[in-house]
Protein chains: 2
Amino acid sequence: MATMKDVARHAGVSAATVCRVINNNVYVKPVTRERVETAMREFNYQRNVTAHAMAKRSGKTLGLLTGNLDDPFFSRMARGIEDTTRKARVQLVVCSGGHRAEQEKAGLDLLINQGCEAIVAHLPRMNEEDILRYAAHTPALVVINRYLPVIANRCVWLDNVSAAQAATNQLIQHGHRKIACITADIPIDDRTHRVEGYRKAMDIAGIPVADDWIISVPFNEHGGELAAEKLLQAGLNFTALVTFNDVMAAGIMRTFHYHQVRVPDDISLVGFDDIAWAKYLHPTLTTMHNPIEKMARRAATLALQLNAGIVGLPQHNGYCAELIPRASVKPL
Amino acid sequence: MATMKDVARHAGVSAATVCRVINNNVYVKPVTRERVETAMREFNYQRNVTAHAMAKRSGKTLGLLTGNLDDPFFSRMARGIEDTTRKARVQLVVCSGGHRAEQEKAGLDLLINQGCEAIVAHLPRMNEEDILRYAAHTPALVVINRYLPVIANRCVWLDNVSAAQAATNQLIQHGHRKIACITADIPIDDRTHRVEGYRKAMDIAGIPVADDWIISVPFNEHGGELAAEKLLQAGLNFTALVTFNDVMAAGIMRTFHYHQVRVPDDISLVGFDDIAWAKYLHPTLTTMHNPIEKMARRAATLALQLNAGIVGLPQHNGYCAELIPRASVKPL
DNA sequence: TTGTATGCGTTATCAC
DNA sequence: GTGATAACGCATACAA
């Protein structure tokens, strides 16, 4: 790889001049500029990113701490981020937190240590105190999918309460009253808020919620299957379910189908996220559209701006989910 | 961030000694080592990765050029890579090629220019000549999902011919003869080889294949829907279909379902890839399991080894797909 | 308008 | 065993 020195020597100028040509803002005589540019082309000069980062004490990279790349929800998130970074021509460094506090910490440490200044992090498990410490230390850290009042302007989040409330209302409006809430089994804000939304909707409709109406399972396909088994064993005293996400709903549907429980004839179902294949399930899944790709783009842009020192007005980065009615809900 | 100098001053030694302590191979008196280590802890010293890469003229990063992060197949691939890099504690840099030659080039250039030496690239569209040029210039470039004889030891690929043949045979063995092949509409090796496997199986079974038995569409959900529409318009003269991938099969099933064509009663279907949700479709999809996650891990490991100068014996990195029988195929 | 000198944080090569 | 010192490739204040 040719360096600035090579180019400089060949063009009969100093390295400083080559530098000026590259960052074409400073005064440099058109003739010399031409000479340097020719030399650069001849050598196929590419500026060494490492050295550049070294001298500027800052590199052009965005770190993404995701949950798990092999999950339709996080895939869409990653795509949104990658889209933004590719267009901005900044390097995207990825690592995953695996929904475990320790791994989230290790991942964040890795990103920071590797020189990522702009970071978009999905941190469902890390405690608030730790996040704030990281945030204080890393000014261009943006938290996605979680709301922390102290650093609200660096969060991009979904209004989970309203979303879960809307999902539940959809069932209530179709005449359902015995509605169970199938949710996650780990203590994350998403869970808390969505259960809250569910309770709120039920409360307003005057439907009392017994403790065993809330069922906690892992938020993946298998968790859904587990929940369905539990419900079946308990006699299936419900006519409808709101679920934590679509993947879980798919698991539920699979087990129900296996046991000849028909959706939506025997039981209605509302999912969450609107992942790509929600409409390929049978029946197609009524769900809450989660605008995660848009949120991801916003988060990435925000992180990049923060890192560039662009402060701007404190924006509101809260997003709303939207109900997508499909075929998994039926009037009672 | 504290530097080596800070630590050195505080410990009353030179930076060189601190360096020796960090790369704890050289002789250094236990007492001084202790002093340095204490100072490091006090300052919470972290070695600057950029400077390290600069001095060593090589960084610990692996670049991944993927197709499209928001696709179940590539998600699984990304997961395999990320898993390997996280365990090896190397940075993972991602960018996507979007199945366009130009974007693949731009992505690869970006990765190389950003200092990635070890690279795993999915390059379905780039012409062979260009790939070989890149390969010559980047000794730790590994090509995934494509076989190039000249650099076979740096390729990790699937035996697409046998896989498509097995898929087709599954249908033939169930008595089908009028079998269409729904494939991709872009000139990539996967397409060529899978069509070849289809033809081979048909040939051996003595079934002539008319040109219009091979239908080319985009290899996504929409392409599947398009193919189904085409088939329906032509009168659906087939009893079975082999498809290019599961996502496409899902699209086909959706359109068929909409038009009251029953799978597998009216028509049988075999997918390809065995993506996570193949078993959540209705009916569950019979498909070829593509061990892409394992292949991704192999590719990442290989790239890292090549970069570390580990040559090893030339290994055979060809993988085979395996038939997963589910409910979308029925005897004629 | 251009060149010189210095620094960024490490590592490596010498001396001592 | 340990400490100067010179790279690595680029950016930049200061001279000229």
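Note on naming: letters A, B, ... go to the chains in the order of the sequence lines (proteins, then strands), and numbering restarts at 1 for each one. Just so you know, these numbers use all the heavy atoms, side chains as well, and skip hydrogens, waters and symmetry mates.
- A close approach under 4.0 Å does not occur between any side-chain nitrogen or oxygen of Tyr27(A) and OP1 or OP2 of dG3(C).
- Thr17(A) has a side-chain polar atom (N or O) that falls below the 4.0 Å cut-off from OP1 or OP2 of dG3(C).
- Direction of the helix axis in the helix from dT1(C)-dA16(D) to dC16(C)-dG1(D) shifts by 50° between the two five-pair termini, rounded to 10°.
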Practice task
With side chain to side chain donor-acceptor pair (under 3.5 Å) as the test, would you mind laying out the steps for Glu117(B) and Thr138(B) before giving the verdict?
Solution key: CA-CA 7 Å; Glu117(B) 282 129 5; Thr138(B) 312; over 6 Å; no
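- Between Ala16(B) and Ala51(B), the residue anchored nearer the 5' end of DNA chain C, judged by the nucleotide with its closest heavy atom, is Ala51(B).
- In the interface, the side chain of Arg20(B) is paired with the base of dG3(D) through a donor and an acceptor atom under 3.5 Å apart.
- Computed from coordinates, the Met54(A) CE to dT11(C) P distance equals 11 Å when rounded to whole Å.
- For Lys56(B) and dG9(C), the shortest distance from a side-chain N or O to OP1 or OP2 is not below 4.0 Å.
- The environment of Arg89(B) atom CZ is sparse: at most 12 non-hydrogen atoms of other residues, nucleotides or ligands sit within 6.0 angstrom.
- Here His52(B) does not reach the OP1 or OP2 of dG9(C): none of its side-chain N or O atoms lies under 4.0 Å away.
- Within 4.0 Å (heavy atoms only), Val18(A) reaches no atom of the nucleic acid at all.
- Computed from coordinates, the Met4(B) CE to dA4(D) C1' distance equals 13 Å when rounded to whole Å.
- Lys87(B) pairs with exactly one of Thr84(B), Thr85(B), Asp83(B) by the side-chain hydrogen bond (donor to acceptor under 3.5 Å, both in side chains) rule, that one being Asp83(B).
- Between Arg33(A) and dT1(C), a side-chain N or O to OP1/OP2 separation shorter than 4.0 Å is absent.
- To the nearest angstrom, P of dT2(D) lies 19 Å from CZ of Arg9(B).
- Rounded to an integer number of Å, the gap from Asn48(B) CG to dC8(D) P is 19 Å.
- Rounded to an integer number of Å, the gap from Asn24(A) CG to dT2(C) P is 14 Å.
- Taking the six-membered ring where the residue is Trp, Tyr147(A) and Trp157(A) present tilted rings, their angle falling between 30° and 60°.
- For Lys5(A) and dT4(C), the NZ to C1' distance is 13 Å, given to the nearest whole Å.
- Looking at Asp130(B) and Asn127(B), their side chains do bring a donor and an acceptor atom within 3.5 Å of each other.
- Taking only side-chain nitrogens and oxygens, Ser14(B) comes nearer than 4.0 Å to OP1 or OP2 of dG3(D).
- Nearest to the side-chain atoms of Cys19(B) among the listed nucleotides dC10(D), dG3(C), dT11(C) stands dT11(C).
- Computed from coordinates, the Arg57(B) CZ to dA12(C) P distance equals 8 Å when rounded to whole Å.
- You'll find that the side chain of Thr32(B) is closest to dT2(D), out of dT2(D), dG9(D), dG3(C).
- Under 3.5 Å, the side chains of Arg125(A) and Gln103(A) contain no donor-acceptor pair of N or O atoms.
- Distance, Lys60(A) NZ to dC10(D) P: 17 Å, rounded to whole Å.
- Taking each heavy atom of Ala121(A) and Leu108(A) in turn, the nearest pair found is CB-CD1, 4.2 Å.
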